[in-house]
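Since the structure comes first, as structure tokens, the remarks are kept for the end.
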Protein chains: 2
Amino acid sequence: MTAERNRASGRPTLEEVALRAGVGRGTVSRVVNGSQQVSARAKQAVEDAIAELGYVPNRAARTLVTQRTDSVALVVFESGERFFAEPFFGRIVQAVSSVLVARNLQMVLMIAQAPEERRRLEGYLTRQHVDGALLLSLHGDDPLPHLLEERGVATVRVGRPMYAERGTFVDADNRAGARDAVGYLRSQGRRCIAAITGPLDMAAGIARLDGYRDVVGDGPVAFGDFSQDSGAAAMYRLLEQYPEVDGVFAASDAMAAGALRVLRQYGRRVPEDVALIGFDDSAIALHTEPPLTSVDQPIAEMGREMVRLLLAKLDGDDEGDAEVVLPTRLVIRESA
Amino acid sequence: MTAERNRASGRPTLEEVALRAGVGRGTVSRVVNGSQQVSARAKQAVEDAIAELGYVPNRAARTLVTQRTDSVALVVFESGERFFAEPFFGRIVQAVSSVLVARNLQMVLMIAQAPEERRRLEGYLTRQHVDGALLLSLHGDDPLPHLLEERGVATVRVGRPMYAERGTFVDADNRAGARDAVGYLRSQGRRCIAAITGPLDMAAGIARLDGYRDVVGDGPVAFGDFSQDSGAAAMYRLLEQYPEVDGVFAASDAMAAGALRVLRQYGRRVPEDVALIGFDDSAIALHTEPPLTSVDQPIAEMGREMVRLLLAKLDGDDEGDAEVVLPTRLVIRESA
DNA sequence: CATTGAGATGGGAGCGCTCCCATGACACGA
DNA sequence: TCGTGTCATGGGAGCGCTCCCATCTCAATG
């Protein structure tokens, strides 16, 4: 039965390649998938046929039988607005995406925070659609990673799980980074050093606050949520309560930028009157006036590590719950 | 490791639903796909069975037979850095993605500018992988839309094709928007109004310059590329050449923000000495000091329109080459 | 009561692929 | 010479779905 008539797509199939190469379907499949069990001659013939016909394997057919989708979700638990406003995400996405592309895996980007989006997302994240998921910006004690693992979807997250949960993760050493920054402020002779924190339902927010406390103990603290506006509001509160403040550690560059605006409004010079340090070493840090001293996270490397760990899980090289914590680096500019 | 490939997913199949509902496979398929040719009783039974079993259709199987992937590419011809830096893209992505999600279509985001990424992208964009593509930020006379249409991949772009090419597109009325902005500057009594243009290999860049020229004719112009830095550089050049400038129309908010920085450096007060208007009405416009007067593009609506046009094409409601041009709106704040 | 037609229904065929088993070819040692 | 083991190979089976056609049901008509 030569099924050569009703091919709507016009693309050549495995079968046609086999015919052309004068071998069987199995052999072509073996060549395409890089099996060793093929004679050099057959391999050559198949490769020629593939080149001549311009054959590309049909992904749907392959997925149907292997139950593998060759695609990976990148899930961000933030509003779309926030996702695009915070440089951290952009950099992670780029890093992850470039590794994924190189491995011929498709990246499905999902941004979801609202309850209804969240529900849709949970419905979508099955073996049916993705092999694994990279989880960004998890809040609190989110049960999703657990749920996914139970469903057979491999997960890797950014940030150490907050409670007793387990799970593979990649993180920057936020606590040490914060410690370095605050230590630097102190070494520059600052006496009253305040912190503007990130959200405390996130591991990164807590760790950066811990790092601050490691150095100055119970100093003045105002709470933010990583966003620029929250940084401005926090700075405002700090100035009201602690007018003597002469050093500020903000847990994100965006918040530092917000703080900077408020400081200027209040006539405080940076760094003369108040020294200011941000976190992330993002583009924002370069574009403020003055440019921000900031803690650099190795974001590209974090992205690469995440994918590496995920692929290891997918390949079944089960290392259990792997943890990778990468060092940060203080980048000194003019704001402190 | 157990190699229990078959039925690893554990998910119910069409066949099982049919069994449960006491009907045939065909009937279940009809219900799932919303066919009218089903009796109310059968429909009810099938729906119950689906609910009980938690059945979800297998996408790969469906794709295999229908040759439809139910996924749509959103392609951005910019560097990743630029993509995340410019608010326009974020807003479009959100709009497009929400419509797509509602229609149960998957969005594949592709950011590609480098030649090698470009090549990979061309290889990927086939009927094999996507049903259609939304094209953003096309430069010059890019042949890609043509190529894709030939391959049977439907396309809709943002921005009027630049040369004789045809193609379905959605656009804001950039020229009128620019005209309004510059007209407003003039109506405020500004005498020497300059323009900072976008890239002139893009339709939007040209149209905004045209709108400027409609009002002031052959006034002072400096060229940018929509980015903040290019705006700063352009402003710098303008001040050198035309120190008497008292109004500036920048073709993007990012460039306006850059210009603002330079104006401040040069001791020019905004808006007292120089009135400044941006374009996009993005978040940037709100966060500068003073907030920017800016031209609002109906981005969400553009996103929605793009998807609508694409779906119409996919459904074969061939309207030929549809064009949708949406009005802009001048949002007056403090910078002018 | 027979006939007709419209609509509902079941299920075979087949989408393109991978998995796996039976087969064949060949070399080597007894 | 005949096993015996090794390895390349072909092709059947089947993944879960849609398409389509043959069949069935039943009310309305002559």
Side-chain angles (χ1 to χ4, degrees), chain A residues 1-46 49-50 53-70 126-129, chain B residues 2-46 49-50 53-70 104 126-129:
Chain A
M1 47 138 222
T2 39
E4 184 145 5
R5 215 159 292 267
N6 42 7
R7 278 194 343 277
S9 72
R11 312 224 99 202
T13 69
L14 237 209
E15 189 108 35
E16 294 173 57
V17 174
L19 206 67
R20 175 79 161 232
V23 300
R25 254 180 17 255
T27 301
V28 177
S29 177
R30 262 166 240 130
V31 171
V32 169
N33 293 294
S35 158
Q36 296 305 312
Q37 309 284 78
V38 187
S39 70
R41 236 191 46 178
K43 189 173 173 209
Q44 190 53 246
V46 169
I50 287 177
L53 262 29
Y55 169 75
V56 180
N58 182 312
R59 184 172 208 145
R62 179 179 280 168
T63 296
L64 185 58
V65 34
T66 58
Q67 311 271 15
R68 261 198 168 225
T69 61
D70 288 329
T126 62
R127 282 282 290 280
Q128 163 100 237
H129 300 276
Chain B
T2 45
E4 46 179 28
R5 285 228 163 277
N6 298 342
R7 317 237 18 92
S9 70
R11 314 221 102 209
T13 68
L14 236 209
E15 191 106 34
E16 294 173 58
V17 174
L19 207 67
R20 176 78 162 233
V23 301
R25 251 182 16 256
T27 301
V28 177
S29 178
R30 263 167 238 128
V31 172
V32 170
N33 293 292
S35 157
Q36 295 307 310
Q37 308 287 76
V38 187
S39 68
R41 235 191 48 180
K43 188 173 171 210
Q44 191 52 245
V46 170
I50 287 178
L53 263 30
Y55 168 75
V56 180
N58 181 310
R59 184 172 208 145
R62 179 179 280 168
T63 296
L64 184 58
V65 34
T66 58
Q67 311 272 12
R68 262 196 165 226
T69 61
D70 288 330
N104 238 313
T126 62
R127 282 281 289 280
Q128 164 99 236
H129 300 276

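On a predicted model such as this, the values are computed, not experimentally measured, just so you know. Numbered from 1 within each chain, the chains take letters A, B, ... in sequence-line order.
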Exercise for the section: Return the 5'-most residue of the pair B:G26, B:L64 with respect to DNA chain D, ranking by each residue's nearest nucleotide. Expected result: B:L64
Handout entry: For atom CG of A:L14 and atom P of C:dC19, their distance in whole Å
Key = 12 Å
Practice task
Starting at atom CD of A:E16, determine the distance to atom C1' of C:dC17, rounded to an integer number of angstrom.
Solution key: 14 Å
Practice task
Flag the pair B:V38 / B:T27 as yes when at least one side-chain heavy-atom distance between them is below 4.5 Å, and no otherwise.
Solution key: yes
Practice task
Return the value, rounded to whole Å, for the distance between atom CD of A:E15 and atom C1' of C:dT18.
Solution key: 13 Å
Problem - Residues forming a side chain to side chain donor-acceptor pair (under 3.5 Å) with A:T69, sequence neighbours excluded - result: A:S71, A:D131
Completion exercise
Sorted by chain and number, sequence neighbours left out, salt bridge (charged side-chain N to carboxylate O under 4.0 Å, His left out) with A:R62 holds for none
Fill in the blank from the handout: Rounded to whole Å, CZ of A:R68 lies from C1' of C:dC19 at a distance of 15 Å
Problem - side-chain contact (heavy atoms from CB on, under 4.5 Å) against A:T126, all qualifying residues, sequence neighbours excluded - result: A:Q128, A:H129, A:R151, B:R11
Practice task
Assign A:R62 to base, sugar-phosphate, or nothing according to its heavy-atom contacts below 4.0 angstrom with the strands shown.
Solution key: sugar-phosphate
Handout entry: All side-chain contact (heavy atoms from CB on, under 4.5 Å) counterparts of B:A61, not counting sequence neighbours
Key = A:L64, B:N58
Fill in the blank from the handout: Taken to the nearest 0.5 Å, the spacing of B:K43 NZ from B:Q36 CD works out to 7.5 Å
Fill in the blank from the handout: Here the distance between atom C1' of D:dT18 and atom CZ of B:R59, to the nearest Å, is 16 Å
Practice task
Report yes if a side-chain nitrogen or oxygen of A:S29 is closer than 4.0 Å to either non-bridging phosphate oxygen (OP1 or OP2) of C:dT18; otherwise report no.
Solution key: yes
Exercise for the section: Would you give the length of the straight line joining atom CZ of B:R127 to atom CD of B:Q67, rounded to the nearest 0.5 angstrom? Expected result: 7.5 Å
Exercise for the section: For the helix from C:dC1-D:dG30 to C:dA30-D:dT1, measure the angle between the helix axis at one end and the axis at the other, each built from five pairs, rounding to 10°. Expected result: 60°
Practice task
Take the protein atom CG of B:N58 and the nucleotide atom P of D:dG14, then report the distance between them rounded to whole Å.
Solution key: 18 Å
Practice task
Return the value, rounded to whole Å, for the distance between atom CD of B:Q67 and atom P of C:dC15.
Solution key: 10 Å
For nucleotides 6-9 of chain D, print each protein N/O atom paired with a nucleotide N/O atom at under 3.5 Å, atom names and distance only.
| residue | atom | partner | partner atom | Å |
| --- | --- | --- | --- | --- |
| D:dA8 | OP2 | A:Q37 | OE1 | 3.0 |
| D:dT9 | OP1 | A:S39 | OG | 2.7 |
| D:dT9 | OP2 | A:S39 | N | 3.0 |
| D:dT9 | OP2 | A:S39 | OG | 3.4 |

Practice task
Identify, with sequence neighbours excluded, every residue that meets side-chain contact (heavy atoms from CB on, under 4.5 Å) alongside A:R25.
Solution key: A:L14, A:E15
Fill in the blank from the handout: Applying salt bridge (charged side-chain N to carboxylate O under 4.0 Å, His left out) to B:R20 and not counting sequence neighbours gives B:E52
Problem - Nucleotide nearest A:R25 when distance is taken to its side chain, options D:dG16, C:dG16, C:dT18 - result: C:dT18
Exercise for the section: Using whole Å, report how far CG of A:N33 lies from C1' of C:dC19. Expected result: 11 Å
